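Let me begin by presenting the structure, written as structure tokens, before commenting on it.
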Amino acid sequence: MPIYSERCNCTGYDGARVRLGAGNWSPIFTDVGRGLVWIHGVNVLKINLSKNSQMKPFSQTRVCAIRALAMEATAFLPDEGKLRSWQGSRLTGSGMGTIPSLPPNRADDPSLGNPLLRFEHMGCGWLGVIMEWEGVIVEDDPRIENRAWLALAEEEGKRPPATFILQRVEGMKNEHAICEVLCWSRDPINVRRLASRKEELYQEMQGGLYQLRPGSQEFLVTLKKHKIPIALASTRPRKYLEKSIEAVGMQGFFDVVVAAEDVYRGKPDPEMIMYAAQLLNIISERCILFGNSNSSVEASHDICMKCVGVAGKHPMFELGAADMVVRRLDDLSLVDLKNLADLDSPEFQPPEPEPELELEDDVDEDRVTAVGVQDIW
């Protein structure tokens, strides 16, 4: 509370020395034992009586004297603007000291009723993990995906897509790859039919054989041990995704499973990972995406989410845009995840204002040009 003090004589207290303090407004209240006097209509006054002063019963005359003293004290109080500038300050031994105001923590949730839970959320230990399925947890063979697209093009009598086109549709939903990249059809019914047929061809060529990547199961066990929520995001249909999870015995490891039917767009659009973070009830800045392509890195950075690139089918230098690149998931530790989830990192700081560009002066008409041709007319 802002304090303003002054030494003066108090009429009615036998010349006792008093100290006045200005504070909040309050009704009339007196406490002689502690030396406090609360005055109605003026700021609160704190009176410290000297030890040798003789206390006398309050009378109407003395109350009037105290009111007069309060009116006199308000004459040398600082103005309202100065008092407002003292908000957030505290009284120290050497005078007024300013308490620095802390920036708001984006991980704080005032709606939580438990203060200990709020404090836990403000620390970097509160984080979530979003993982892709193929190429991160299980082995991925992009050649099977390419053969499925080529087989579908042959069945439908379409031109086989080029290699760079197949690389572009990697990670996208089949529906959007057909209508936006391959441009095979715009009819919604026909697009869904082609997408379903392509997925059937892929499952036939893949044969239902899945193999865990080295270190993926150990890493998931570590996350579950430390009670870190895990979400699985994949552009595969849910029925095929659940079969693959059962095939490798990973049931119960994932708190949330997001499949192709749950979102409208896939990578590089961040809709899928944003929806997974919402289901985990964790802000995107505190989630970490594990992906195996640059489209995953692009999608995560669009919503201020950190990304760990798993270099399976790509060389490590191709995933250099990721916040961290590893060969195996068990190369990471819990400390690495906490450092990635730190909100004080430079990636989460507000962008610096762009410098204003100075406008060039108008070109003088009489200025000699570089050609130097004069008007002969």
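As a basis for the values below, the full set of heavy atoms in this structure was taken, side chains included, without hydrogen atoms, waters or symmetry mates. Position 1 is the first residue of the sequence, and the numbers go up from there. Quick caveat: nothing in here was measured; it's all calculated off a predicted structure.
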Inset, instruction - Give me the ring orientation class for F254 and W133: parallel if the planes are under 30° apart, tilted from 30 to 60°, perpendicular past 60°. - result: perpendicular
Inset, instruction - Give a yes or no on whether M205 and L150 share a hydrophobic cluster (residues Ile, Leu, Val, Met, Phe, Trp, Tyr; joining criterion: side-chain heavy atoms under 4.5 Å apart). - result: no
Inset, instruction - Indicate whether the side chain of S296 and that of K267 have a donor and an acceptor atom separated by less than 3.5 Å. - result: yes
Inset, instruction - Treat each ILVMFWY residue as a node, draw an edge where side-chain heavy atoms are under 4.5 Å apart, and state whether V129 and L334 are in one component. - result: yes
Legend entry - Residues that Q278 engages under side-chain hydrogen bond (donor to acceptor under 3.5 Å, both in side chains), provided they are two or more places apart: none
Inset, instruction - Say whether E132 and S234, considering side chains only, have a donor N or O and an acceptor N or O under 3.5 Å apart. - result: no
Legend entry - M172 with V258, same ILVMFWY side-chain cluster at under 4.5 Å: no
Legend entry - Modelled atom types, side-chain donor and acceptor of N294 and E318, under 3.5 Å: no
Legend entry - Check ion pair R213-D140 (N to O, under 4.0 angstrom): no
Inset, instruction - Pick out which of E175, R186, H176 makes a side-chain contact (heavy atoms from CB on, under 4.5 Å) with V191. - result: E175
Legend entry - Minimum-distance pair of heavy atoms, taken over all atoms of N292 and E134: ND2-O, 3.6 Å
Legend entry - Co-membership, hydrophobic cluster, residues V138 and V310, 4.5 Å side-chain: yes
Legend entry - Whichever hydrophobic residues join V335 through chains of side-chain contacts under 4.5 Å: none
Legend entry - Side-chain cluster (under 4.5 Å, hydrophobic types only) that V297 belongs to, other residues: none
Inset, instruction - Could you check R265, K173, R168 and say which one makes a salt bridge (Lys or Arg N to Asp or Glu O under 4.0 Å) with E180? - result: R265
Inset, instruction - Taking the side chain as every heavy atom from C-beta outward, state whether E218 and T222 have any pair of such atoms under 4.5 Å apart. - result: no
Legend entry - NZ or CZ of R236 within 45° of Y202 ring axis and under 6.0 Å: yes
Inset, instruction - Output, in order, the C-alpha distance, side-chain angles, deciding distance and verdict of ring pair (Phe, Tyr, Trp, His ring centres under 6.0 Å) for Y264 and Y275. - result: CA-CA 11 Å; Y264 180 72; Y275 181 61; over 10 Å; no
